[in-house]
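A short write-up of the structure that comes next.
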Amino acid sequence: MTSPVRHLTEAGFLGKFYIDGEWRKPIGPVAAAATVVNPATEQPIADVALGDDDDVDCAIAAARGAFASWSMIPPAERAALLDRVHGLLLERLELFAQALTCEMGAAITYARRAQVPLAAEHIRVARDNLANYPFIAARGSTAIMREPIGVCGLITPWNWPLYQITAKVAPAIAAGCTVVLKPSELSPLSALLFAELMDNADCPPGVFNLVNGTGPIVGAALASHPLVDMISITGSTRAGVLVAQAAAPTVKRVAQELGGKSPNIILPDADLSRAVPLGVAAAFRNLGQSCSAPTRMLVPRSRIEEVETLAAAAASELVIGDPLAESTTHGPIANRPQFERIQTMIGVGLEEDVKLVIGGRGRPDDLRTGFYARPTIFSNVRPDMRIAQEEIFGPVLSIIPYNTVDEAIAIANDTVYGLGAHVQGTDMETVRTVAARIQSGQVHLNYPDWDPNAPFGGYKRSGNGREYGIEGMEEYLETKAVLGFYHSRA
């Protein structure tokens, strides 16, 4: 099949934005560009146009113009659009998987079985939620109406590029909103393919718009714009703060899905032979480049040596290498700045009084080129150490011993974050009790299947608002109370 880069080049989309149902060149006379680098080869593969305030104004005007009609479209018609989008995404699964591999290094097998299919699930859920959602409900004689909030600026990250696009676009459109998407300039290829897909799905002009650009320019313009009613951002806590500050003067709604440092409490009665390998797999999923990755493994102090042995064995089974190879389980880190950040933090860990179980700085021995990191596990980590407190966003796991379950819960909550958490144990009453005491937007018990209907979002500095499921769509709705609506008298 044609490569994603060749496909986009031949279509002429790399130098354009998708605005008001058309592919348009940047407005500025001298267009800026971002070079997309293949993290496996460290070679440039494409140049993508970057927008500015004028391009943002144009896209917002299109979205504002389309809102009046789109917000009044019956839910069944909005569901029909999402159904077409869902079908096209599954038809083009391989094209999107190839794009994710070349733009951010996802192993092709992982892109095919996780990154693209899970992204499609967000569209399916948004479509299905429209079937029975009560946009108007009676409360005595008052009508409680849920109405689309308006024009939404959507800012998405580089680590799950397509997945985060669908997690925002699908529920926003389902709610009756119109959107302007700013994907990460580090992994923009899948976003351009998605814009093409929206066009092919006969999305009405202005309902979906895309402007590539940087956070300080396009992101800031979206956040501060008086005609944008809501901003939804997935990114670092620092980026979320900047967006909230820019949005504050216009008092728009801001939904933030930000950083994390998730705990995985392995209770004393847990089956270590299951809990530890699956914990390593969860921490290193997407090579640890997930905000909810459980990169703090809390284990009974008396069993730490057994945990170390099991963890090292699990990490050694990972196949780091060419992301296009079928045998590869994990490809390179998505970009150079993140690769260097991981190397720095591994160095910090090596300087601490902890045990290096496996891994360390540098690339795996058989790899000379590419942003490949060695899966690294530290043990006997203290809760106050930097590697236990700071989000590393890579394949680095800290094993932290505890003496009592109360202490484990205290360690789990000893963080500025609260996005995801895990609890492993045999006695489900205890497992549930521990889960209830963890300050986190999601808690996974004994490695359950992923649930696209489970709301996802953070406590504390992990953000506010929720994505996925019904709650994800409700973020894009306003509540209106109409008193006297059900009175029989005129």
Side-chain angles (χ1 to χ4, degrees), residues 1-8 10-11 13 18 21 75-131 133 154 156-175 179 181 183-184 187-204 207-208 210 234 285-286 290 323-324 326 328-329 331 449-454 456 467-470 472-473:
M1 65 177 293
T2 302
S3 74
V5 173
R6 182 175 179 181
H7 175 89
L8 291 168
E10 292 178 348
F13 297 157
Y18 187 75
E77 292 187 31
R78 300 202 293 268
L81 170 62
L82 292 170
D83 187 63
R84 296 192 297 272
V85 173
H86 181 257
L88 286 172
L89 181 54
L90 293 180
E91 285 179 15
R92 301 175 188 181
L93 186 150
E94 183 63 22
L95 180 65
F96 277 95
Q98 295 281 344
L100 293 165
T101 296
C102 69
E103 74 179 350
M104 55 80 59
I108 189 64
T109 52
Y110 189 67
R112 289 169 179 156
R113 65 179 172 82
Q115 291 257 10
V116 181
L118 298 186
E121 278 294 277
H122 289 310
I123 302 170
R124 181 193 64 79
V125 167
R127 177 200 68 191
D128 293 351
N129 283 340
L130 285 171
Y133 187 79
L154 310 178
T156 56
W158 49 260
N159 58 318
W160 287 83
L162 181 64
Y163 177 94
Q164 287 298 151
I165 287 172
T166 60
K168 296 182 189 299
V169 171
I173 286 178
V179 305
L181 171 67
S184 170
S187 52
L189 304 182
S190 54
L192 290 168
L193 291 174
F194 186 77
E196 179 187 34
L197 186 153
M198 292 296 292
D199 185 70
N200 295 162
D202 295 325
C203 180
V207 171
F208 171 86
L210 178 147
T234 296
R285 185 176 296 120
N286 203 37
S290 295
L324 289 173
E326 298 286 338
T328 295
T329 62
D449 292 336
W450 178 71
D451 182 359
N453 283 292
F456 179 69
E467 295 189 306
Y468 315 169
I470 290 289
M473 184 174 74

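Residue Pro161 comes nearest to Ser187 through the heavy atom pair CG-OG, 3.6 Å, listed as atom of the first residue, atom of the second, then distance. Summarising the geometry of Ile108 relative to Glu94, their closest heavy-atom pair is CD1-OE2, 4.3 Å, with the distance given to 0.1 Å. Nearest heavy atom pair, residue Leu130 against residue Ala174, reads CD2-O, 3.2 Å. Closest heavy-atom contact between Ala126 and Pro171: CB-N, 3.9 Å. Across all their heavy atoms, Leu189 and Cys102 have their closest contact at CD1-SG, 3.9 Å. Pro323 approaches Ala106 most closely through the heavy-atom pair CB-O, 3.6 Å.
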Criterion side chain to side chain contact (heavy atoms under 4.5 Å, CB included) on Leu210 and Phe194, from CA distance to verdict: CA-CA 10 Å; Leu210 178 147; Phe194 186 77; over 6 Å; no
Steps toward side chain to side chain contact (heavy atoms under 4.5 Å, CB included) verdict (Leu118, Leu162): CA-CA 9 Å; Leu118 298 186; Leu162 181 64; over 6 Å; no
Audit row: Asn200, Arg92, side chain to side chain contact (heavy atoms under 4.5 Å, CB included) steps and yes/no: CA-CA 12 Å; Asn200 295 162; Arg92 301 175 188 181; 2.8 Å; yes
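A 4.5 Å side-chain heavy-atom check between Arg124 and Pro452 finds at least one atom pair inside the cut-off. Between Leu81 and Pro204 the shortest side-chain heavy-atom distance falls below 4.5 Å. Using a 4.5 Å cut-off on side-chain heavy atoms (C-beta onward), Thr329 and Thr109 make no contact. Inter-residue side-chain proximity for Phe96 and Leu197 is flagged as met; some heavy-atom pair is nearer than 4.5 Å. You'll find the side chain of Val85 stays beyond 4.5 Å of the side chain of Arg127, heavy atoms only. The closest side-chain heavy-atom distance from Asn453 to Asn129 is below 4.5 Å.
Classification of the His122-Tyr163 ring pair by plane angle, with boundaries at 30° and 60°, yields perpendicular.
Rounded to the nearest 0.5 Å, atoms OH (Tyr110) and OG1 (Thr328) are 15.0 Å apart. Between the CG atom in Leu90 and the CD atom in Glu121 there is a gap of 8.5 Å [rounded to 0.5 Å]. The distance from the CD1 atom of Ile173 to the NZ atom of Lys168 is 14.0 Å, given to the nearest 0.5 Å. The OG atom of Ser184 sits 12.0 Å away from atom CD of Gln164, with the distance rounded to the nearest 0.5 Å. Between the CG atom in Leu100 and the CG atom in Leu95 there is a gap of 10.0 Å [rounded to 0.5 Å]. For the atom pair Leu93 CG and Arg113 CZ, the distance stands at 12.5 Å (nearest 0.5 Å).
Partner of Gln98 under the side chain to side chain contact (heavy atoms under 4.5 Å, CB included) criterion, out of His7, Arg112, Glu103: Arg112 alone.
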